[in-house]
A.B. asks: 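To start, I am sharing the structure in question, which I have written as structure tokens.
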Amino acid sequence: MSKSNVNPERELARRSRRTFLSLGVGAVAGVACWTYLRSRPHEGDLPSPFRRVLQWNGELTSSLFRESHLAPEFLPSRIEALPPNGDIGLNDQTENEDWRLLFIPHESDEVRYLTLPDIRALPKRELISEFKCIEGWSRIVQWGGVRFRDFVQRYAPLSEKAAYVAIATPDNEYYVALDIVSALHAQTLLVYEMNGEPLNDVHGAPLRLFTSVKYGHKSIKRIGTISFSDRPPRDYWAERGYDYYAGL
Ligand SMILES: Nc1nc2c(c(=O)[nH]1)N[C@H]1C(S)=C(S)[C@@H](COP(=O)(O)O)O[C@H]1N2
Ligand SMILES: [Mo]
């Protein structure tokens, strides 16, 4: 038997030992890499390398980050009528043409009054998504509007650093709190169209919220004010015993 002839069993054992070792090294490198990534300066709510991956990829499938978790979207054939539910804060007398959005940013950016054309000037996004009321019913609805994150980026990018968003009706009768991650989620929209029509009064004209990551009561109709803060703002239904976060 020549010397070069290796014993197959021994060879196998040596290889799996090497594989085991390199896996171990890989795991250590993985943890180090993770620690490094986590420690990078934050852009908005995420360390910058993650932010860049998200910008580049858009739909990272990892469930580690809520932000990348997208709710299912549906074909137009699935669209249903949405029964109006809840009319708190819809009774102010302002005509839609006179409507202004009071926008109070987080830091240094100026307080502004925005018009519907200011909002329509942003890229339009359409979304067919399931709307779920915590009372136990749901409907598939088409929304047309702009991403909340595009709105913030255009009108007050510093606000992305706030921890919370507070949104209220013009008369302040209805008000919701959103954590910033949910507000900046890709499926959180400022809506001016519903099921292909301009939003009507009972559904919150001229501008309402829709978010796929919360139950329906967070999707406030007839927005009057949007503001940002680092402390948890008031929330109408949380004050009446519902879960503050109300996530799906
Ligand atoms: N201003 C305002 N927004 C509101 C409500 C409300 O009473 N007032 N009700 C909420 C609840 S509980 C639900 S389920 C949805 C219903 O939206 P819809 O009326 O368009 O179906 O609106 C939400 N937004
Ligand atoms: Mo609801």
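All figures in this text were calculated on a predicted structure; none of them were measured in a lab. Each ligand, and each atom within it, is numbered from 1 in the order the structure gives.
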A.B. asks: Got the closest protein heavy atom to atom 12 (S) of ligand 1, with its distance?
C.D. replies: H217 CB, 3.5 Å
A.B. asks: Distance under 4.0 Å to a non-hydrogen atom of T169: what atoms of ligand 1 satisfy this?
C.D. replies: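 Counting atoms of ligand 1 from 1, those under 4.0 Å from T169 are 1 (N).
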A.B. asks: Would you please say whether a donor-acceptor pair under 3.5 Å links the side chains of H106 and D230?
C.D. replies: yes
A.B. asks: Is it the case that over 12 heavy atoms from other parts of the model lie below 6.0 angstrom from the CZ atom of R240?
C.D. replies: yes
A.B. asks: Identify the closest protein heavy atom to atom 24 (N) of ligand 1: which residue and atom is it, and at what distance?
C.D. replies: S219 O, 3.0 Å
A.B. asks: Quick test: of every protein heavy atom, which one is nearest to atom 5 (C) of ligand 1, and how far off is it to 0.1 Å?
C.D. replies: Y174 CZ, 3.7 Å
A.B. asks: Cation-pi check, R147 to F151: give yes when NZ or CZ is under 6.0 Å from the six-membered ring centre and within 45° of the ring axis, no otherwise.
C.D. replies: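 No, R147 does not lie over the aromatic ring of F151.
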A.B. asks: Is any N or O atom of R208, backbone or side chain, closer than 3.5 Å to an N or O atom of ligand 1?
C.D. replies: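 Looking only at distances, the answer is yes, because the N/O contact criterion of under 3.5 Å is met.
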A.B. asks: Using a strict cut-off of less than 4.0 Å between a Lys/Arg side-chain nitrogen and an Asp/Glu carboxylate oxygen, indicate whether D150 and R125 qualify as a salt bridge.
C.D. replies: no
A.B. asks: Go through ligand 1 atom by atom and flag the ones less than 4.0 Å from a non-hydrogen atom of L82.
C.D. replies: 18 (P), 20 (O), 21 (O)
A.B. asks: Near I220, which atoms of ligand 1 are under 4.0 Å from a heavy atom of that residue?
C.D. replies: 3 (N), 24 (N)
A.B. asks: Which residue owns the protein heavy atom closest to atom 1 (N) of ligand 1, what's the atom, and how far is it?
C.D. replies: I88 O, 2.8 Å
A.B. asks: Strictly below 4.0 Å, N to O, side chains only: are K124 and E126 in salt-bridge contact?
C.D. replies: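 Salt bridge flag = yes for E126 with K124.
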A.B. asks: Just going by heavy-atom distances, which of G216, G224, G86 is nearest to atom 23 (C) of ligand 1?
C.D. replies: G216
A.B. asks: Charged N to carboxylate O below 4.0 Å: is that the case for K161 and E107?
C.D. replies: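 E107 and K161: not salt-bridged.
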A.B. asks: Answer yes or no: is there a side-chain heavy-atom contact under 4.5 Å between D179 and Y245?
C.D. replies: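 Side chain of D179 against side chain of Y245, heavy atoms only: contact under 4.5 Å found.
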A.B. asks: Identify, for atom 21 (O) of ligand 1, the protein heavy atom at the shortest distance, and state residue, atom and that distance.
C.D. replies: P83 O, 2.8 Å
A.B. asks: Do E239 and Y175 have a side chain donor and acceptor closer than 3.5 Å?
C.D. replies: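 Judged by distance alone, the side chains do pair up.
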A.B. asks: May I ask you to decide if the ring planes of W237 and Y242 are parallel, tilted or perpendicular, using 30° and 60° as cut-offs?
C.D. replies: perpendicular
A.B. asks: Below 4.0 angstrom from a heavy atom of D87, which ligand 1 atoms are there? Numbered from 1 as shown, please.
C.D. replies: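 Here the atoms of ligand 1 in question are 7 (O).
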A.B. asks: Looking at Y215 versus F131, is the centre-to-centre ring distance below 6.0 Å?
C.D. replies: no
A.B. asks: Just to confirm my output: which protein heavy-atom neighbour is closest to atom 16 (C) of ligand 1, and how far is it?
C.D. replies: N85 O, 3.3 Å
A.B. asks: Take E130 and S138 through the test side chain to side chain donor-acceptor pair (under 3.5 Å) and record every step on the way to the result.
C.D. replies: CA-CA 7 Å; E130 195 172 6; S138 77; 2.8 Å; yes
A.B. asks: For atom 3 (N) of ligand 1, what's the nearest protein heavy atom and its distance?
C.D. replies: K221 N, 2.9 Å
A.B. asks: Does at least one non-hydrogen atom of G89 fall below 4.0 angstrom from an atom of ligand 1?
C.D. replies: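 So G89 does not count as touching ligand 1.
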A.B. asks: Against heavy atoms of L90, which atoms of ligand 1 measure under 4.0 Å?
C.D. replies: 1 (N)
A.B. asks: Numbering the atoms of ligand 1 from 1, which are under 4.0 Å from a heavy atom of C133?
C.D. replies: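 In order of number, 14 (S).
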A.B. asks: Counting non-hydrogen protein atoms only, what is the nearest one to atom 15 (C) of ligand 1? Give residue, atom name and distance.
C.D. replies: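 Scanning the protein heavy atoms, the shortest distance from atom 15 (C) of ligand 1 goes to F131 CZ, 3.5 Å.
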A.B. asks: Taking both backbone and side-chain atoms of H203, is any N or O found less than 3.5 Å from an N or O belonging to ligand 1?
C.D. replies: yes
